[in-house]
Trainee: 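I have a structure I would like to understand better, so I am pasting it below and will then ask my questions one at a time.
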Amino acid sequence: MEIIKKKDRDVAHPYIPELQNLFQKGKITRREFLRNATLLGMSAAAATTFLAGCKTEEPVEEAPAEEEVVEEAPAEEEEVVEEEAAPCVKRGGTWTASMQLQLLDHPARLSWVEGANIVRQTNEYLTLTGSDNITHPYLLEKWEASEDVKTWDLYLRKGVLFNNGDELTADDVMFTIGEWLNPDVGSSMLGLMSYLSGMQDVEKVDDYHIKLHLQFGDIAVPEHLFHYPAVILHRDFDGDIIKQPIGTGAFTLEEYAEGERAVFQRREDYWQMGCDGEPLPYLDKLVYVSTDKDAGLAALQSGQVDALYDPRPTDFQALQGVDGLTIRPASTAQCLLGRMRVDLEPWDDVRVRNALKKCQDRAKILQLAYFGEGDLSLDAHVAPVHPAYCEKDIPEYDPEGAKALLEEYAAEKGLELPLKVSLATKNDQAEPAIAQTLKELAEPAGFEIELDITEPSGYWDRWTEVDLGITSWTHRPLATMVLPLAYTEESIGAWNETRWFDEEFEGILREAQGTLDVEARRSLMCKIEDIMQERGPVFNSFWKSVWNVTASKFQNVEAHPTAYDLLYEVWIDE
């Protein structure tokens with residue numbers, strides 16, 4: 001086996017040789033090697049080249065040798081007839097999708113993927129985590145991490161232009177990070193990047209080099225930079241992206257009418273080139289039409305739209321076998337998460353929280369709400385697709401145990417059962433079925449649940465305020481990325497909708513964030529999962545399977561686990 005070349009190690013991270021050793025011994029998978037090596041600054045090309053020639057204790061699919069993929073040159077004596085190469089793509093055309101369009105203002109405050117799918121067409125990210133969960137440089141040319149992953153050097157690409165003609169420089173990134181860290185803005189980035197105590201930890205080295213000085217190590221910094229509120233803003237941004245849609249993206253925003261439609265036009269001077277040597281994108285126009293899910297399904301079936309954002313399992317069932325449509329599945333860490341406000345009665349008492357957790361017949365809820373299309377879950381926000389996931393037995397439905405806890409609580413408080421509570425959620429995914437099933441399952445335990453189910457906007461307007469709710473959480477590639485968003489003291493006021501934090505939990509989480517070894521991080525995650533199951537603020541029956549459903553004429557479409565619309569290199573072949 002060829003060892004990773006010294007020049008590749010020198011520009012990456014000193015932990016890379018250990019990852020190499022673990023991969024050789026079959027201790028980590030190919031994907032785990034790629035994810036960790038690239039996060040630590042090794043180029044994806046170097047990591048892939050290494051894997052192609054690596055012998056391990058478990059067979060790894062090897063890339064074909066160069067001579068197997070390059071056509072043999074014709075002999076000199078043969079006449080070579082030059083033929084004009086066929087175009088690699090066809091340019092032009094319009095992509096139309098059904099997706100609800102809500103109020104947009106400051107991108108750093110985004111709390112729903114639909115808004116991010118609008119903003120990402122005009123504004124871009126420093127990194128990109130693809131559909132394979134591997135993170136790559138994007139507006140960054142590269143990054144480098146210190147041995148303790150507490151210092152990160154970010155190097156910007158040169159020559160990237162905003163759509164107003166200004167060049168992207170470190171000043172724009174410094175301004176954007178300042179918005180993330182400003183408590184008055186209210187960005188979830190503030191909790192996610194709690195390793196930065198303020199802008200004093202962000203250093204501008206020169207016009208294309210920024211250095212982050214973390215208060216504690218975190219391996220996931222590159223993935224944080226692709227968190228969907230993390231789009232890079234122009235240094236003169238004044239707070240409303242619809243009024244000031246200035247960005248480095250491949251499209252320009254022509255129209256945005258909340259609850260109606262959004263229209264984008266192809267930008268002629270975008271910085272990335274297509275396979276034909278001309279600037280991306282290949283499509284001329286994007287149109288989003290704001291509809292509810294039922295209307296969107298009908299529009300897709302009739303050909304009025306080309307795609308449906310985040311199809312429900314019922315949509316997936318209805319669209320199978322429909323001519324002219326292609327369904328692409330993705331495994332995810334998406335969930336419809338039950339959550340309880342621990343600063344309000346009765347959810348401030350762990351006995352009541354645990355009683356409701358015991359009321360889940362998870363297999364039944366998965367079948368009734370999602371046709372069985374998912375993976376059963378613990379009551380911890382850590383999914384099987386996360387690299388450091390700690391596998392544990394799935395808790396059984398236990399109404400008797402739940403009732404014992406409620407009776408103890410009621411006797412202490414001088415209350416009579418049933419305990420009456422209100423469960424709020426929205427109606428555009430599988431939440432109503434989950435809520436109704438849980439209501440019935442919890443009745444024998446002594447809960448009387450009143451359902452408060454509204455249109456999505458009616459829930460998102462108050463999602464952090466309801467005392468008991470079901471909130472849709474999208475995919476994050478690492479558990480150490482999602483947990484700081486919602487379960488730390490720093491995240492209260494942003495996305496910590498439960499108001500729960502726990503000193504032991506946070507200490508273990510901080511250690512996990514700086515732990516490079518996957519197995520050591522998994523050991524820490526076992527403790528985190530136990531804490532959340534035993535005294536945490538959430539309950540979750542299953543992790544969702546998701547699907548991308550798009551008209552088959554569109555080529556190079558990705559089924560991203562976060563339901564992101566990555567459209568710059570999509571093209572039409574009728």
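Quick caveat, the model's predicted, so the values are computed rather than measured.
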Trainee: If you take all heavy atoms of T38 and W143, which pair is closest and at what distance?
Mentor: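 Here T38 and W143 meet closest at O-CZ2, 3.0 Å.
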Trainee: Which pair of non-hydrogen atoms, one from E504 and one from R535, has the smallest distance, and what is that distance?
Mentor: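 Answer, listing the atom of E504 first, then R535: OE1-NH2, 2.7 Å.
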Trainee: Quick one: do R109 and D105 make a salt bridge, cutoff under 4.0 Å?
Mentor: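 A salt bridge links R109 with D105.
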Trainee: Hey, would you say the Y208 and Y155 ring centroids sit under 6.0 Å apart?
Mentor: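 No, the ring of Y208 stays outside the 6.0 Å limit from the ring of Y155, centre to centre.
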Trainee: Test D310 against T474 for side-chain contact (heavy atoms from CB on, under 4.5 Å), laying out the working first.
Mentor: CA-CA 11 Å; D310 196 21; T474 194; over 6 Å; no
Trainee: Assess the pair Y125 and H227: is the distance between their ring centroids shorter than 6.0 Å?
Mentor: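 Not under 6.0 Å, so no.
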Trainee: Restricting to non-hydrogen atoms, name the atom on T480 and the atom on M525 that form the minimum distance, rounded to 0.1 Å.
Mentor: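 In terms of heavy atoms, the two residues are closest at CG2-CE, 4.1 Å.
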Trainee: Within a strict 4.5 Å, meaning less than it, do heavy atoms of the D172 and F162 side chains meet?
Mentor: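 Sidechains of F162 and D172: in contact.
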Trainee: Taking the side chain from N123 and the backbone from I232, do they hold a donor-acceptor pair closer than 3.5 Å?
Mentor: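 Such a contact is found between N123 side chain and I232 backbone.
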Trainee: Using the ring-ring contact (aromatic ring centres under 6.0 Å, His included) rule, take W543 and W473 through it: C-alpha gap first, then chi angles, then the decisive distance, then the call.
Mentor: CA-CA 10 Å; W543 303 99; W473 276 80; over 10 Å; no
Trainee: Measure the acute angle between the ring planes of Y228 and W495, then classify it against the limits of 30° and 60° as parallel, tilted or perpendicular.
Mentor: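 The rings of Y228 and W495 sit tilted, inter-plane angle from 30° to 60°.
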Trainee: Take W500 and E489, measure what side-chain hydrogen bond (donor to acceptor under 3.5 Å, both in side chains) needs, and give me the verdict at the end.
Mentor: CA-CA 8 Å; W500 180 82; E489 189 171 10; over 6 Å; no
Trainee: side-chain hydrogen bond (donor to acceptor under 3.5 Å, both in side chains) for T129 and E223? Distances and angles first, verdict last.
Mentor: CA-CA 7 Å; T129 303; E223 290 180 333; 4.6 Å; no
Trainee: May I ask you to decide if D218's main-chain N or O and R510's side chain share a donor-acceptor pair within less than 3.5 Å?
Mentor: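 Here the side-chain-to-backbone pair does not exist.
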Trainee: Assess the residue pair L212 and D201 against the criterion (side-chain contact (heavy atoms from CB on, under 4.5 Å)); give the C-alpha distance rounded to whole Å, side-chain angles, the decisive distance to 0.1 Å, and a yes or no.
Mentor: CA-CA 6 Å; L212 304 180; D201 292 342; over 6 Å; no
Trainee: Using atom types as modelled and distance alone, determine if a side-chain donor or acceptor of D148 lies under 3.5 Å from a backbone N or O of G217.
Mentor: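 A pair under 3.5 Å: no.
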Trainee: Do H13 and E147 meet the criterion of a side-chain donor-acceptor pair at a distance under 3.5 Å?
Mentor: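 H13 vs E147: no donor-acceptor pair found between side chains.
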Trainee: Taking the side chain from Q244 and the backbone from D236, do they hold a donor-acceptor pair closer than 3.5 Å?
Mentor: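 Yes; at least one donor-acceptor contact below 3.5 Å.
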Trainee: Spell out, as yes or no, whether a donor-acceptor pair under 3.5 Å connects the side chain of R362 to the backbone of S377.
Mentor: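 Side chain of R362 to backbone of S377: a pair is present.
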Trainee: Drop me the distance from L516's CG to I219's CD1, to the nearest 0.5 angstrom.
Mentor: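 Going from CG on L516 over to CD1 on I219, the span is 5.0 Å.
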Trainee: Search all heavy atoms of A388 against all heavy atoms of V518 and return the closest pair with its distance.
Mentor: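 Taking A388 first and V518 second, the nearest heavy atoms are CB-O, 4.3 Å.
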Trainee: Hey, what do you get for CD (Q360) to CD1 (I434), rounding to the nearest 0.5 Å?
Mentor: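 Result: 9.5 Å between the selected atoms.
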Trainee: Looking only at heavy atoms, which two atoms of R341 and V466 are closest? And how far apart?
Mentor: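 So the two residues come closest at CG-O, 3.1 Å.
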Trainee: Scan V119, I118, T176, D240 and name whichever one has a side-chain contact (heavy atoms from CB on, under 4.5 Å) with P107.
Mentor: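 Only one option passes, and that is V119.
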Trainee: Just checking, is any N or O donor in the side chain of D565 or H560 under 3.5 Å from an acceptor N or O on the other one?
Mentor: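 Side-chain D/A pair, D565 to H560: absent.
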Trainee: What I'd like to find out is whether the side chain of F264 reaches to under 4.5 Å of the side chain of T252, using heavy atoms alone.
Mentor: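 No; the side chains remain at least 4.5 Å from each other.
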Trainee: Answer yes when R522 and E391 have at least one side-chain N-carboxylate O distance shorter than 4.0 Å, and no when they do not.
Mentor: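 Not counted as a salt bridge, because no side-chain N and carboxylate O are separated by less than 4.0 Å.
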Trainee: Using 0.5 Å steps for rounding, measure from the CZ atom of F501 to the OG1 atom of T488.
Mentor: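 Result: 9.5 Å between the selected atoms.
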Trainee: Before accepting this row, confirm whether a basic side-chain N of the pair D153/K142 lies closer than 4.0 Å to the acidic partner's carboxylate O.
Mentor: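 A salt bridge is absent here (no side-chain N lies under 4.0 Å from a carboxylate O).
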Trainee: Any ion pair linking D461 and K426 (charged N to carboxylate O, less than 4.0 Å)?
Mentor: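 Salt bridge absent between K426 and D461.
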Trainee: Quick one: pull up CZ in R339 and OG1 in T498 and give me the separation to the nearest 0.5 Å.
Mentor: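 So the CZ of R339 and the OG1 of T498 are separated by 7.0 Å.
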Trainee: Look at the side chain of R521 and the backbone N and O of T515, then say whether any donor-acceptor pair between them is shorter than 3.5 Å.
Mentor: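 Yes; judged by distance alone, with no hydrogens or angles, the pair exists.
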Trainee: Would the distance check show the side chain of E167 and the main-chain N or O of G159 forming a donor-acceptor pair, the cut-off being under 3.5 Å?
Mentor: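 Indeed, once roles are kept as given, a pair shorter than 3.5 Å links the two residues.
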Trainee: With no hydrogens and no angle check, just 3.5 Å: does a side-chain donor-acceptor pair link Y564 and H475?
Mentor: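 Their side chains do not contain a donor-acceptor pair, so the 3.5 Å distance test is not met.
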Trainee: Got a second to check how far T151's OG1 is from E203's CD, nearest 0.5 Å?
Mentor: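 Atom-to-atom, T151:OG1 and E203:CD are 9.5 Å apart.
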Trainee: Charged N to carboxylate O under 4.0 angstrom, E465 versus R462?
Mentor: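 No.
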Trainee: Using modelled atom types only, decide if a donor and an acceptor are shared between the side chain of S43 and the backbone of A46 within a distance under 3.5 Å.
Mentor: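 Flag set: sc S43 to bb A46 pair under 3.5 Å.
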Trainee: Measure the shortest side-chain to side-chain distance between H381 and N540 over non-hydrogen atoms and say whether it is less than 4.5 angstrom.
Mentor: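 Contact flag for H381/N540 side chains = no.
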Trainee: Is the closest side-chain donor-acceptor distance between E497 and T471 under 3.5 Å?
Mentor: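 E497 vs T471: donor-acceptor pair found between side chains.
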Trainee: Regarding K204 and D206, does a basic nitrogen lie under 4.0 Å from an acidic carboxylate oxygen?
Mentor: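 No, K204 and D206 are not salt-bridged.
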Trainee: Nearest 0.5 Å, what's the OH-CE distance between Y270 and M273?
Mentor: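 Nearest 0.5 Å value for the OH-CE distance: 10.0 Å.
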Trainee: Check the side chains of Y138 and Q272 for a donor-acceptor pair under 3.5 angstrom, ignoring hydrogens and angles.
Mentor: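 Judged by distance alone, the side chains do pair up.
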Trainee: One thing to verify: whether D375 and K544 come together as a salt bridge, which I'm taking to mean a side-chain N less than 4.0 angstrom from a carboxylate O.
Mentor: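 Salt bridge absent between K544 and D375.
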Trainee: Answer yes when E114 and R120 have at least one side-chain N-carboxylate O distance shorter than 4.0 Å, and no when they do not.
Mentor: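 Between R120 and E114 there is no salt bridge, as every charged N stays at least 4.0 Å from the carboxylate O atoms.
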Trainee: Do any N or O atoms from the side chain of D379 and from the backbone of Q533 form a donor-acceptor pair under 3.5 angstrom?
Mentor: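 Not a single qualifying donor-acceptor pair exists.
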Trainee: Taking all atoms of both residues into account, what is the closest heavy-atom pair of Y568 and Q121, and its distance?
Mentor: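 The pair with the smallest heavy-atom distance is OH-O, 3.5 Å.
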Trainee: Could you check whether E529 pairs with K527 (Lys NZ or Arg NE/NH1/NH2 to Asp/Glu carboxylate O, under 4.0 Å)?
Mentor: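 Between K527 and E529 there is no salt bridge, as every charged N stays at least 4.0 Å from the carboxylate O atoms.
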